[in-house]
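What follows is a set of notes on a single structure, which appears directly below.
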Amino acid sequence: MVKDKIRKDIVKCLKQLELKFNDNFVVEVPNNPEHGDFSSNVALVNAKLNKVSPQKLAEKIIEYFSKKRDYKSVSVAGPGFINFKLANNFYHRKLLEINEKNRKFGSSEYGNKKKVLLEFISANPTGPLNVVSARAAAFGDTLCRIMRFVGFRAYKEFYINDAGNQVDILAESLELRYRELHGERIDEFPPEAYHGEYIKDLAAKLNSVESKLLHYSETDRLRRMKQFALEEVHKMQQESLKRFDVTFDNWMSEKKLRQEGAVEEVLSYLAEAHCTYEKDEAIWFSSTEFGDEKDRVLMKADGNTTYLVPDIAYHLTKYQRKFDYLIDILGPDHHGYVPRLKAAIMALGYDVNKLEIIYLQHITLFEGGQQVKMSKRAGKIVTMDDLIDEVGKDAARYFFVSRKPNAHLEFDLELAKKKSNENPVYYVQYAHARIASILRKAKKEKISLKNFDHKLLRKLNKEDELTIIKKMLELPNLLISAADAREPHRLANYVYDLAGMFHKYYAKFKIVDKKNPELSQSRLFLISNIKTVLAVCLHLMGISAPQKM
RNA sequence: GCGCCAGUAGCUCAGUUGGACAGAGCAACGGAUUUCUAAUCCGUGGGUCAGGGGUUCGAAUCCCUUCUGGCGUGCCA
């Protein structure tokens, strides 16, 4: 926002001075505040072009800016950087804009209503969601919220693998537990079966509704078992996600896709494209022609398709639904299969560049310095529900979204359970609650912002105050870059910084002071806007913004 | 072997897409509460940005290479 203004002013200046220039210079916020509010390398980048030294060029530019009202000072530093300081008055006007926009502050039309599909979690419907899914949930949902806020039409979709091998195993596992309830002794529970306690719960629930399934034929019985298990697990997963404040716009069922004949379609399309052949009684896809390491089997010798085929079919529906961007958020164990999926998309003539893959790295859980091993089949998992019970939704979401996607994440349950200040989410929420508390106090003291005179903004002349306004003004661009880079963790860092700036300000300055109502009003005006910005950020991360703590 | 991702303070991690002396939190140590919430603030110590080469005015960031770790490399999903 402010950067753009400065950039435009620089371009105006260069044109007026009739200088040659390249557009690739940057305007940025320097690390060191002594270097001004903003700095630009414009003179460094364009010195050669004009056959002068960077310093000389910079001086010319400075002269131009010295006459500009919005600028407090403009100077040259180092090898030829230009440092800009803007007038207090400029920031005060911007603060009024923030106030005006209120909860819309930070939003923009940047995305131009482009349609985006975000697919994430897509966990097998064979058990409760685990912490890996929780990370995906927090990440995908936050990214979606941010993208919508900056003007994309973003949709969330969950693909349910409710057909195929692992679902059969689920049904068989359920049957074994069901038999146990009817007095059968199962000596050896097969290792490939699902061992989790939830299967026993499902069996009990099923038995309480339908106790005579053992009299059915095997096919009927297993069909019923499968249907029941799928419905129940699906409900379980939805319930967990609801507790995590994650909702999906669409749930896509693999079974339904298959029923609609999508699998056969894919096979025939690929055949028409001359990309298939038969070998060893199986049908193969010549994916190596499209960059894959080796050819892949589409239909196995036993007549069943591999998981790849419905997955291709699913992705074709994404293309047919005319999205501008397709984003798949996957676990690291899936990166081996993406080349073959992309190969199929190419083979079928779709634009593979539209499909973007984000890999979320694994999570290592620690409990008291000990690593917690997870294994779904062995039933030893820490579920998303466990996590919400133990550390709470807010902390969990913050934690997951504060790390960049392609980095491993270490999660110490012991630490997170402590609810101490080691958990950064409290730090941010506390800033919000603290401001709410001050506003309550002000009300008691009969200091109100109702008839706030904008001239009082002059009183916000402390460096700390101007710095906070500057920080707030970064939000719109920050959200755009977070959306563009698909890196919602930038927002988590941002809001943490902003909260810290407020805490420091609070410790240093008295805000509500009966003896000085005008100063109090101006500071209240500032912090109430900080509160709004904190709330906007927290909301985008799906975290509550408490009035009291 | 090949492919993908990562390697930044004792620990967990940032670093705004190539900018100025590399930053937080935790842990360690020392301070601050007659107060608008101490879930806070202030201060001290802590670094060969895994190693080496290259690109240029300028590299934690880009290229090459070596090392280390994770994952992948099924007619499993």
Side-chain angles (χ1 to χ4, degrees), chain A residues 3 26 28-32 34-35 39-41 44-45 47-48 54 77-81 83 122 124 126 161 164-167 169 192 254 279-284 293-294 296-302 304-308 310-311 331-339 359 361-362 364 366 402-412 415 419-427 429-431 433-442 444-445 474 477-478 481-482 484-485 487 489-490 492-494 496-497 500 502-513 520 523-524 527 548-549:
Chain A
K3 280 186 201 173
V26 294
E28 58 183 5
V29 180
N31 298 328
N32 188 338
E34 282 172 26
H35 294 144
S39 74
S40 176
N41 62 355
L44 288 167
V45 173
K48 268 187 196 165
F81 288 101
N83 297 333
S122 298
N124 287 334
T126 53
N161 293 110
N165 220 345
Q166 79 284 0
V167 184
I169 296 171
E192 72 274 10
E254 176 185 350
K279 195 180 90 181
D280 303 333
E281 294 173 36
I283 298 176
W284 293 70
E293 286 178 351
K294 53 192 260 191
R296 308 291 171 174
V297 171
L298 294 172
M299 187 179 279
K300 298 183 266 185
D302 67 6
N304 289 314
T305 55
T306 58
Y307 64 91
L308 177 62
D311 228 14
D333 47 335
H334 280 74
H335 70 235
Y337 108 114
V338 166
Y359 299 103
Q361 291 298 321
H362 274 311
T364 319
F366 284 90
S402 64
R403 262 64 171 169
K404 64 179 163 196
N406 53 8
H408 291 254
L409 194 155
E410 294 205 3
F411 199 120
D412 191 329
L415 210 66
K419 294 207 167 190
S420 71
N421 56 353
E422 289 165 41
N423 208 329
V425 68
Y426 293 111
Y427 186 78
Q429 287 181 314
Y430 184 49
R434 213 173 204 183
I435 295 173
S437 168
I438 297 169
L439 292 173
R440 284 193 294 272
K441 157 97 177 179
K444 242 185 249 169
E445 304 284 351
E474 285 174 25
N477 273 333
L478 178 112
S481 75
D484 260 346
E487 289 187 348
H489 75 276
R490 294 185 191 189
N493 292 328
Y494 170 84
Y496 185 83
D497 286 347
F502 166 72
H503 284 308
K504 290 175 188 27
Y505 178 63
Y506 168 90
K508 205 164 159 187
F509 298 99
K510 182 93 182 153
I511 291 159
V512 178
D513 181 2
S520 300
R523 288 183 173 168
L524 279 172
I527 66 163
K548 261 186 192 167
M549 281 174 82

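Each chain gets a letter, A, B and so on, in the order the sequences are listed, and its residues count up from 1.
- Taking atom P in both B:G10 and B:G46, the straight-line distance is 11 Å, to the nearest Å.
- For A:Thr306 (side chain) and A:Val297 (main-chain N/O), a donor-acceptor pair under 3.5 Å exists by modelled atom type.
- Here A:Lys444 contributes atom NZ and A:Leu439 contributes atom CG; the two are 12.5 Å apart, rounded to the nearest 0.5 Å.
- Note on A:His334: a base of the nucleic acid sits closer than 4.0 angstrom, heavy atoms only.
- For A:Arg523 (side chain) and A:Lys510 (main-chain N/O), a donor-acceptor pair under 3.5 Å exists by modelled atom type.
- Annotation: B:G23 and B:G15 have their P atoms spaced 15 Å apart (nearest Å).
- Nucleotides B:U8 and B:C49 have their P atoms positioned 12 Å apart, rounded to a whole Å.
- When the P atom is used for both B:C42 and B:A24, the distance is 11 Å, rounded to whole Å.
- The A:Tyr506 side chain lies nearest to B:A38 when the options are B:G19, B:U40, B:A38.
- Using the six-membered ring where Trp is involved, A:Tyr307 and A:Tyr337 have ring planes that are tilted, between 30° and 60° apart.
- Of the listed nucleotides (B:C75, B:A6, B:U12), B:A6 has the atom at the smallest distance from the side chain of A:Asn406.
- Only the C1' atoms considered, B:A20 is 24 Å distant from B:C63, to the nearest whole Å.
- Shown here, B:C41 forms a base pair with B:G31; the pair counts as Watson-Crick or G-U wobble because both key distances fall under 3.5 Å.
- Distance NE2 (A:His489) to P (B:A24): 17 Å, rounded to an integer number of Å.
- At the heavy-atom level, A:Lys548 lies under 4.0 Å from base atoms of the strands shown.
- Nucleic acid contact for A:Ala431: none, since no nucleic acid atom lies under 4.0 Å from a heavy atom of the residue.
- Among B:A24, B:A20, B:C13, the nucleotide with an atom closest to any side-chain atom of A:Arg403 is B:C13.
- In this model, no side-chain donor or acceptor of A:Ser402 finds a partner on the base of B:A14 within 3.5 Å.
- In this structure, the nucleotide among B:A77, B:A6, B:C57 sitting nearest to the side chain of A:Asn161 is B:A77.
- Atom NZ in A:Lys294 sits about 12 Å away from atom C1' in B:G72, given to the nearest Å.
- Annotation: side chain of A:Val512 is in contact with side chain of A:Ile438 (closest heavy-atom distance under 4.5 Å).
- A stacked arrangement is assigned to A:His35 and the six-membered base ring of B:A20, with a centre-to-centre distance below 5.5 Å and an interplanar angle below 30°.
- Counting non-hydrogen atoms under 4.0 angstrom, A:Glu28 reaches the backbone sugars and phosphates but no base.
- Nucleic acid contact class of A:Tyr307 (heavy atoms, under 4.0 Å, all strands): base.
- Among the atoms of the strands shown, base atoms are found under 4.0 Å from some heavy atom of A:Asp280.
- Taking every side-chain heavy atom of A:Glu293 into account, B:G3 is the closest of B:C75, B:G3, B:U12.
- Contact annotation: side chain of A:Tyr426 to base of B:A39, donor-acceptor pair absent below 3.5 Å.
- Nearest nucleotide to the side chain of A:Tyr496, out of B:G15, B:A24, B:U73: B:A24.
- If you measure from atom CG of A:Asp333 to atom C1' of B:C5, you get 13 Å, rounded to the nearest angstrom.
- One finds the CZ atom of A:Phe81 at 9.0 Å from the NE2 atom of A:His35 (value rounded to the nearest 0.5 Å).
- Here A:Phe81 lies parallel enough and close enough to stack on the base of B:A20, with planes under 30° and ring centres under 5.5 Å apart.
- Across all strands shown, B:C67 forms a Watson-Crick or G-U wobble pair, both distances under 3.5 Å, with B:G7.
- The distance between atom CG of A:Asp311 and atom C1' of B:C76, rounded to the nearest whole Å, is 13 Å.
- Put simply, the residue from A:Glu474, A:Glu487, A:Arg490 that forms a side-chain hydrogen bond (donor to acceptor under 3.5 Å, both in side chains) with A:Ser481 is A:Arg490.
- Nearest to the side chain of A:Ala507, among B:C36, B:C5, B:C41, sits B:C41.
- Nucleotides B:A60 and B:A9, compared at atom C1', are 14 Å apart to the nearest Å.
- When heavy atoms are screened at a 4.0 angstrom cut-off, A:Lys441 is found touching the sugar-phosphate backbone but no base atom.
- The side chain of A:Gln166 has B:A77 as its nearest neighbour among B:A77, B:A20, B:A39.
- Taking 90° from 0 as the syn/anti boundary, the base of B:U33 is oriented anti.
- Using a 4.0 Å heavy-atom distance criterion, A:Ala77 is classed as a base contact.
- A distance of 5.0 Å separates CG in A:Asn124 from CG in A:Asn161, rounded to the nearest 0.5 Å.
- Residue-level contact check: A:Val29 touches the bases, meaning some heavy atom is under 4.0 Å from a base atom.
- Side chain A:Asn41 to base B:A20: no donor-acceptor pair is found below 3.5 Å.
- With the nearest nucleotide of RNA chain B identified for both A:Ala282 and A:Arg490, A:Arg490 has the one nearer the 5' end.
- Within the model, atoms NE2 of A:His503 and CD1 of A:Ile435 stand 8.5 Å from one another, a figure rounded to the nearest 0.5 Å.
- Counting only distance, with no hydrogens or angles, the side chain of A:Asp302 and the backbone of A:Asn304 share a donor-acceptor pair below 3.5 Å.
- Counting to the nearest Å, the P atom of B:G70 and the CD atom of A:Gln361 are 13 Å from each other.
- Checked against B:C75, B:C41, B:A14, the side chain of A:Tyr427 finds its nearest nucleotide in B:C41.
- Atom pair A:Met549:CE and B:U40:C1' shows a separation of 12 Å (rounding to whole Å applied).
- Pairing of B:C13, defined by two Watson-Crick or G-U wobble distances under 3.5 Å, is identified with B:G23.
- For the P atoms, the distance linking B:C13 with B:U73 amounts to 25 Å, nearest Å.
- A:Lys404 comes within 4.0 angstrom of sugar-phosphate atoms only, judged by non-hydrogen atoms across all strands, and of no base.
- At the heavy-atom level, A:Tyr505 lies nowhere under 4.0 Å from the strands shown.
- Comparing the same atom, P, in B:G43 and in B:C26 gives a spacing of 14 Å after rounding to whole Å.
- Heavy atoms of A:Asp484 sit nowhere under 4.0 angstrom from any nucleic acid atom.
- The pairing partner recorded for B:G72 is B:C2, the criterion being a Watson-Crick or G-U wobble arrangement whose two distances lie under 3.5 angstrom.
- Among the nucleotides B:C36, B:C75, B:C41, the one closest to the side chain of A:Lys504 is B:C41.
- Nearer to the 5' terminus of RNA chain B, by closest-nucleotide assignment, is the contact made by A:Val512 (compared with the other of A:Val512 and A:Leu308).
- A:Ala433 comes within 4.0 angstrom of a base, heavy atoms only.
- Under the Watson-Crick or G-U wobble criterion, with both distances below 3.5 Å, B:C36 is left unpaired in every strand shown.
- What separates CD of A:Glu487 from C1' of B:U17 is a distance of 9 Å, to the nearest Å.
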